[in-house]
Protein chains: 2
Amino acid sequence: MSVRDNKTEQLIKDTAKRIFFAEGKLHATTQEIADAAGINRTLLHYYFRSRDILFKQVFEEAMLTIRARMDEIFESGELFKEKIEKLIAVFLQEAILYPYREIFVITELNSNSKAVPMVSEQQKMQFFLNQIEEEMKAGNIKKMDPRHFVMNLFALMAYPLIAASLNKNIFNLNNDDYLALMHERKAVILQTIYS
Amino acid sequence: MSVRDNKTEQLIKDTAKRIFFAEGKLHATTQEIADAAGINRTLLHYYFRSRDILFKQVFEEAMLTIRARMDEIFESGELFKEKIEKLIAVFLQEAILYPYREIFVITELNSNSKAVPMVSEQQKMQFFLNQIEEEMKAGNIKKMDPRHFVMNLFALMAYPLIAASLNKNIFNLNNDDYLALMHERKAVILQTIYS
DNA sequence: TTAGTGTTTAACATTTTTGTTAAACAAAAG
DNA sequence: CTTTTGTTTAACAAAAATGTTAAACACTAA
């Protein structure tokens, strides 16, 4: 009878995600992942066969998460401003935990020059863009190409967390100070995008 | 007489920078760099002795460039708005060429957990922050923690270029379309940060 | 108890990446 | 022209990272 509690398998994957997405160590070796997980490196091969397969799984799940988050945003049927507030709250919460996830995905794409499998989001995005345009016509937000609005939004949410190590130094802040700043971001972003 | 035209040495360094900063291939091997430069890999060792020394030089020069850019911003004595406009123009121009430079620096810092040698900028930054605060009091820009203003500014400039590969897909754009969008960023950013 | 199943480990093997050596080459200096 | 100096290359060596094997282990079921 196959009991097969995938406890260790999950531990390895979670540790890899922590190293890549949270700590931003994009060059981590299988040995480093194994050490961080407190397991023998052979186990990593036992569960995933190869480093490549582990990487691919981590990558795929990151893509799925990003995509699911997009869907959640697009499909929430509330008022526009509520939708935006929810988006910011959800995104920031995850970005504080996993600031480098998008960076991991992007650099993997750059390194392997493989195609991005996200085409299916385009229709939903178009719907979102239309909605933004309506808000602009209604005078609720500043008029601009709605794609710039979306880029602004993601930039304002994502970048301060990615650049944390540099910013902490420039502003002379410790981890706690910086985290406190990050928790102010939701209000700041809303203030910034709402004329 | 030592002629020593450092043509090849420079070619190697420039190619490394292109691969890291422009193409975002952060895992590139010495062989890949040598191939891209069209030289024998041994030459890389002849000029730099080790992969580590090449990396360190590239890293140091990236830090110097970032720092020099900061200085340029801080020390330009013009009116605030002119200063900001110049900053955006200079930053975007470089970021279009080398979108991944900051990411390279950040991931190197994360991977080696070495200290950031930029402390000397803090005083100038404080001066800049004071200036921003004055502008806020004068009602020229929205009131907020000036550090958020700085973070917003850099986020709006840097992120859309870093996330280009994802955005092109989401918005269904080819390289030229996306570049055209990027050239609109200066105006968009000014509009966004000026209430 | 022991046969069976899945898990974990150490030892070993292979592959990939980096580093070194010695010799070929090219151009200028004597 | 031949010696010197710096550049480039191929062949080799070493190190680092990944992958495999076989045996030990732990737990359950017959």
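Throughout, a chain's letter reflects where its sequence line sits, starting with A, and its residues are numbered from 1. Bear in mind the structure is a predicted one, so any value in this text is a computation, not a measurement.
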| request: Could you check how far CZ of A:Arg49 sits from P of D:dA17, rounded to whole Å? | output: 23 Å

| Check: D:dA10 base within 3.5 Å donor-acceptor of B:Thr42 side chain | yes

| message | Keeping B:Gln191 on the side-chain end and A:Lys143 on the backbone end, is there a donor-acceptor pair under 3.5 Å? | response | yes

| request: Please work out whether the ring planes of B:Phe55 and B:Phe20 are parallel, tilted or perpendicular, with thresholds of 30° and 60°. | output: perpendicular

| Taking B:Lys168 for the side chain and B:Tyr178 for the main chain, is one N or O donor matched with an acceptor at less than 3.5 Å? | no

| query | Is any side-chain N or O of B:Thr30 closer than 4.0 Å to OP1 or OP2 of C:dG19? | reply | no

| Separation of A:Asp52 atom CG from D:dG19 atom P, in whole Å? | 7 Å

| query | Is B:Arg18 salt-bridged to B:Asp14, going by a charged N under 4.0 Å from an acidic O? | reply | no

| Length of the line joining B:Leu44:CG and D:dT7:C1', which is rounded to integer Å | 14 Å

| query | DNA chain D: B:Asn40 or A:His45, which has the more 5' nearest nucleotide? | reply | B:Asn40

| said: How many whole angstroms separate atom CG of A:Leu11 from atom P of C:dT7? | reply: 14 Å

| note | Winner on side-chain proximity to A:Leu43, out of C:dG6, D:dT18, C:dT9, is C:dT9

| request: Return yes if some donor-acceptor pair links the side-chain N/O of A:Thr107 with the main-chain N/O of A:Phe104 below 3.5 Å, else return no. | output: yes

| field | Whole-Å distance separating the CD1 atom of B:Ile39 from the P atom of D:dT7 | value | 13 Å

| request: Specify the separation, in whole Å, of atom CD1 of A:Ile12 and atom P of D:dT18. | output: 14 Å

| query | What integer distance in Å separates B:His27:NE2 from C:dT18:C1'? | reply | 18 Å

| said: Looking at B:Tyr47, I'd like to know whether one of its side-chain N or O atoms comes within less than 4.0 Å of OP1 or OP2 on D:dT8. | reply: yes

| Given atom CG of A:Asp35 and atom P of C:dT8, what is their separation to the nearest angstrom? | 16 Å

| remark: By nearest-nucleotide position on DNA chain C, the 5'-leaning member of A:Tyr46 and B:Arg51 is A:Tyr46

| said: Quick check for you: among C:dG19, D:dT7, D:dG19, whose closest atom lies nearest to any side-chain atom of B:Arg41? | reply: C:dG19

